[in-house]
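Lettering of chains follows the sequences in order, A, B, ..., and the numbering in each one begins at 1.
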There are 4 protein chains.
Amino acid sequence: MARRGRPRNEQSTTDILVATLELVSEVGLSALTMDAVASRAGVSKATIYRRWSSKEQLLLDAWMSAVRRPDEPDTGSLRDDLRAMFTGLGLDPLPGVDIQRVFPQMIAAAKVNDDVAAAYRAFITERRRPMQAVLRRAVARGELAADVDLDLVHDLLVAPVVYRWLVSDGPVDESVTTRLIEIVLTGVDALPRLEV
Amino acid sequence: MARRGRPRNEQSTTDILVATLELVSEVGLSALTMDAVASRAGVSKATIYRRWSSKEQLLLDAWMSAVRRPDEPDTGSLRDDLRAMFTGLGLDPLPGVDIQRVFPQMIAAAKVNDDVAAAYRAFITERRRPMQAVLRRAVARGELAADVDLDLVHDLLVAPVVYRWLVSDGPVDESVTTRLIEIVLTGVDALPRLEV
Amino acid sequence: MARRGRPRNEQSTTDILVATLELVSEVGLSALTMDAVASRAGVSKATIYRRWSSKEQLLLDAWMSAVRRPDEPDTGSLRDDLRAMFTGLGLDPLPGVDIQRVFPQMIAAAKVNDDVAAAYRAFITERRRPMQAVLRRAVARGELAADVDLDLVHDLLVAPVVYRWLVSDGPVDESVTTRLIEIVLTGVDALPRLEV
Amino acid sequence: MARRGRPRNEQSTTDILVATLELVSEVGLSALTMDAVASRAGVSKATIYRRWSSKEQLLLDAWMSAVRRPDEPDTGSLRDDLRAMFTGLGLDPLPGVDIQRVFPQMIAAAKVNDDVAAAYRAFITERRRPMQAVLRRAVARGELAADVDLDLVHDLLVAPVVYRWLVSDGPVDESVTTRLIEIVLTGVDALPRLEV
DNA sequence: TATTAAGCGAGACGGTACGTCACGTCTTAGG
DNA sequence: CCTAAGACGTGACGTACCGTCTCGCTTAATA
């Protein structure tokens with residue numbers, strides 16, 4: 001059953017999300033103002049508050065709309081699947097939006113607002129599925145031992161990239177990701193024999 | 001030559017830093033107000049602004065004052081050195097301060113304010129020295145190949161812990177850190193033979 | 001054309017003017033604070049600044065709203081007209097407002113702020129009209145010589161009253177105003193014969 | 001008995017008074033700050049507060065130091081005495097000080113601060129003495145009736161000049177003061193015969 | 001076709017916090 | 001004891017945003 005009254009303008013919704021990403025990218029969450037979002041989106045504040053209850057919720061939605069779910073390759077080789085997944089990681093979704101600047105603001109928001117934290121966790125769980133599937137197929141093929149902690153392997157592979165983005169500003173290029181995959185897979189492969 | 005005028009009260013400085021850590025820990029950077037810091041520290045806003053030019057600078061100093069530089073163990077074994085370094089990681093420096101809640105706020109601040117970013121980078125570089133020294137001694141002892149990228153090894157070891165704190169909320173206990181060290185060191189050890 | 005947006009609350013405007021008069025009456029212009037006006041009027045500071053750009057402008061409007069334009073009597077006799085005009089001079093317009101305490105603050109403000117000075121002068125010119133009319137009718141009736149300087153006569157009549165309010169704290173009662181009118185009119189009457 | 005310790009610097013006292021007059025002349029009492037006075041006088045704030053307890057007291061002293069007591073002419077003719085007294089009225093005492101801008105600030109201060117009001121009244125009483133003496137000598141010579149209210153005559157003469165300074169911005173030149181004296185003296189002369 | 005309900009931009013509203021300035025006091029090192 | 005310098009807690013400044021609330025108007029579904 002259709003709702004009565006004038007329907008919401010979906011273009012406004014999109015404009016607000018884009019404006020939010022741009023502004024968070026420019027000035028951060030702390031300096032983000034609803035007035036600025038409204039102004040840049042060409043929308044009134046009421047139109048924003050009709051859709052989101054807080055700056056953090058808005059940022060969450062904006063971020064989720066910008067971060068695409070990774071493809072799930074299936075080349076038959078774990079190393080090739082992983083190399084495919086690391087390609088194109090961290091590309092900016094929109095002109096004027098630096099997603100690597102938005103990400104830490106998103107994390108900071110999730111650490112502060114419990115509702116945002118729950119939604120953020122659910123989104124992360126969903127986003128991890130493709131790599132979990134890749135790893136599970138590798139187990140099925142015998143490329144990984146059956147008793148390996150897949151969450152740990154996942155984190156060992158992903159963490160260094162995110163860490164360099166967020167904390168240490170180190171380079172993240174193909175040379176790095178290739179060595180990273182090799183070290184982790186080799187280490188994990190040796191681990192069961194070491195009885196840990 | 002002696003400075004003229006009434007000297008600054010060092011107790012006030014300390015009180016402000018502690019109040020800042022407590023409040024960031026409680027409400028985050030975005031909701032942190034200078035008025036609240038002043039009030040909790042029993043100090044006037046002017047006294048804060050006389051010392052720091054922005055909320056971000058203040059948080060930076062507070063965080064640096066709270067994060068102790070890690071010890072630099074020298075047991076003669078790389079594995080034992082690393083195990084020692086991972087022990088006691090992330091302990092809270094003050095009652096009422098959850099440093100793992102403060103850290104992402106600190107990162108978010110550094111991504112927004114260039115001056116803070118520079119000071120943050122310098123601090124991180126300094127903080128990495130002990131583990132770099134541990135790794136260099138391992139190279140000297142022949143436990144690590146001479147041509148290994150020590151920065152990459154460093155990040156492979158540290159990143160998963162920080163990643164679980166910040167992003168995935170996974171567990172970080174002794175079982176995890178032990179396997180982590182084993183996987184990385186084993187993988188790195190195999191790497192040169194793989195000619196990467 | 002209709003104005004857009006929520007219209008201003010006229011009750012707030014009135015409340016602010018009354019609060020301003022009360023506070024200036026109590027503590028003077030120098031100690032008047034916008035915070036106190038806002039608080040007493042039950043209004044936010046922004047609501048004040050939306051209407052007036054400075055303390056002085058606010059006082060000007062408050063004062064103008066409080067000072068009623070004098071009646072313009074027309075008894076057929078100059079002496080009777082003047083006596084009527086001097087009656088009820090300086091009555092307080094509101095409970096809690098001592099207009100004789102407000103007036104010097106108003107003058108001080110006008111001497112400092114050029115915009116206020118201009119508006120003040122315009123208001124004074126307007127306010128002088130009734131007595132100027134009374135004097136002109138007296139000229140028409142032959143009670144005053146045609147070549148008399150009406151501005152000077154006006155000032156001679158009004159100045160002593162204001163002077164005693166502001167400067168010398170002398171009494172201003174009916175005996176004083178009656179003698180004042182008599183002396184000035186008699187003196188003016190004699191003047192042309194003295195060829196000045 | 002001489003006071004112990006370092007004596008006060010009298011030059012500082014003078015510098016403070018001059019700086020106060022200049023600043024009140026420029027920005028008014030409301031915008032006058034002790035910091036600005038200290039800065040312009042080349043003196044520390046403590047040096048000001050050691051001498052005066054408030055802005056109003058300081059202005060009072062500054063104003064009293066600037067307004068010279070009028071001469072007391074004795075020409076043998078009331079009209080000539082008055083004409084002499086009106087000459088040179090309102091001259092500025094210092095370069096950079098507009099005493100007609102300072103005066104209303106002084107009055108405003110006196111209406112707000114009771115201590116200042118008392119000192120101001122005493123000063124005014126003292127300042128009125130020369131003209132009171134002139135008027136009393138005129139009574140002795142028979143130029144004025146013995147039962148005339150000298151305070152009222154005084155105010156009738158002085159008020160229009162002050163009124164034009166403060167309120168109506170009308171001209172105050174020799175033509176005005178001459179006619180003023182003539183009208184008032186003629187009017188007063190006629191008054192007793194009118195049995196008022 | 002007319003009514004009704006929600007959405008819309010604009011902008012005022014009572015608040016809170018901003019970063020600055022001035023208050024009057026105090027603490028330092030000297031004169 | 002006075003001085004200049006300058007830090008201190010307090011509190012007001014005028015501005016910017018908060019999230020809410022009228023306004024007049026627009027846009028569809030319902031009656």
Side-chain angles (χ1 to χ4, degrees), chain A residues 1-9 12 31-39 41-55, chain B residues 1-10 12-13 31-39 41-55, chain C residues 1-13 31-39 41-55, chain D residues 2-9 12 31-39 41-55:
Chain A
M1 186 198 109
R3 284 205 310 228
R4 288 167 49 99
R6 177 172 171 177
R8 288 189 181 169
N9 184 340
S12 293
L32 178 73
T33 71
M34 293 305 233
D35 282 279
V37 173
S39 167
V43 137
S44 75
K45 276 195 293 177
T47 298
I48 302 178
Y49 282 108
R50 223 169 267 124
R51 291 163 168 76
W52 296 277
S53 62
S54 74
K55 222 160 75 165
Chain B
M1 189 202 100
R3 282 216 306 265
R4 307 213 294 186
R6 179 173 171 174
R8 289 191 179 167
N9 185 339
E10 288 309 323
S12 294
T13 307
L32 178 73
T33 70
M34 294 306 232
D35 281 288
V37 173
S39 167
V43 135
S44 74
K45 272 194 296 177
T47 297
I48 302 179
Y49 282 108
R50 232 171 256 126
R51 291 163 169 73
W52 297 278
S53 61
S54 73
K55 226 160 72 164
Chain C
M1 188 201 99
R3 281 216 308 267
R4 308 214 292 187
R6 179 173 169 174
R8 290 190 179 167
N9 184 339
E10 289 309 323
Q11 185 60 49
S12 294
T13 306
L32 178 73
T33 71
M34 293 306 233
D35 281 289
V37 173
S39 167
V43 136
S44 75
K45 273 196 293 178
T47 297
I48 302 179
Y49 282 108
R50 232 171 256 126
R51 290 162 170 74
W52 296 278
S53 62
S54 72
K55 229 161 68 164
Chain D
R3 284 208 309 233
R4 292 166 44 103
R6 177 172 170 176
R8 288 190 180 169
N9 185 339
S12 293
L32 178 73
T33 70
M34 294 305 232
D35 282 283
V37 173
S39 167
V43 137
S44 75
K45 276 194 294 175
T47 299
I48 302 178
Y49 281 109
R50 220 168 272 122
R51 290 162 169 76
W52 297 277
S53 61
S54 73
K55 228 160 70 165

Within a strict 4.5 Å, meaning less than it, do heavy atoms of the C:T13 and C:W52 side chains meet?
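Yes, side chains in contact.
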With sequence neighbours excluded, what pairs up with C:S44 under the side chain to side chain donor-acceptor pair (under 3.5 Å) test?
C:T47
Would you please name every residue forming a side chain to side chain donor-acceptor pair (under 3.5 Å) with A:S12, sequence neighbours left out?
none
Per the salt bridge (charged side-chain N to carboxylate O under 4.0 Å, His left out) rule, what does the pair list look like for residues 45-55 of chain D, sequence neighbours excluded?
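Matches after skipping sequence neighbours: D:D35-D:K45.
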Measure the distance from [atom1] on [X] to [atom2] on [N] and round it to the nearest whole Å.
X	N	atom1	atom2	answer
A:Y49	F:dG19	OH	C1'	5 Å
C:W52	F:dT15	CH2	P	15 Å
C:D35	F:dC13	CG	C1'	8 Å
C:I48	F:dG14	CD1	P	10 Å
D:L32	E:dC21	CG	P	17 Å

Donor-acceptor pair under 3.5 Å: do we get one between A:K45's side chain and the base of F:dG19?
yes
Heavy-atom protein contacts under 4.0 Å, nucleotides 3-8 of chain E, coded B base, S sugar-phosphate only, - none:
-SBBBB
So, using side-chain contact (heavy atoms from CB on, under 4.5 Å) as the criterion, who are the partners of B:S39 when residues are at least two apart?
none
What pairs with D:A36 under side-chain contact (heavy atoms from CB on, under 4.5 Å), at least two apart in sequence or on another chain?
D:L23, D:T33
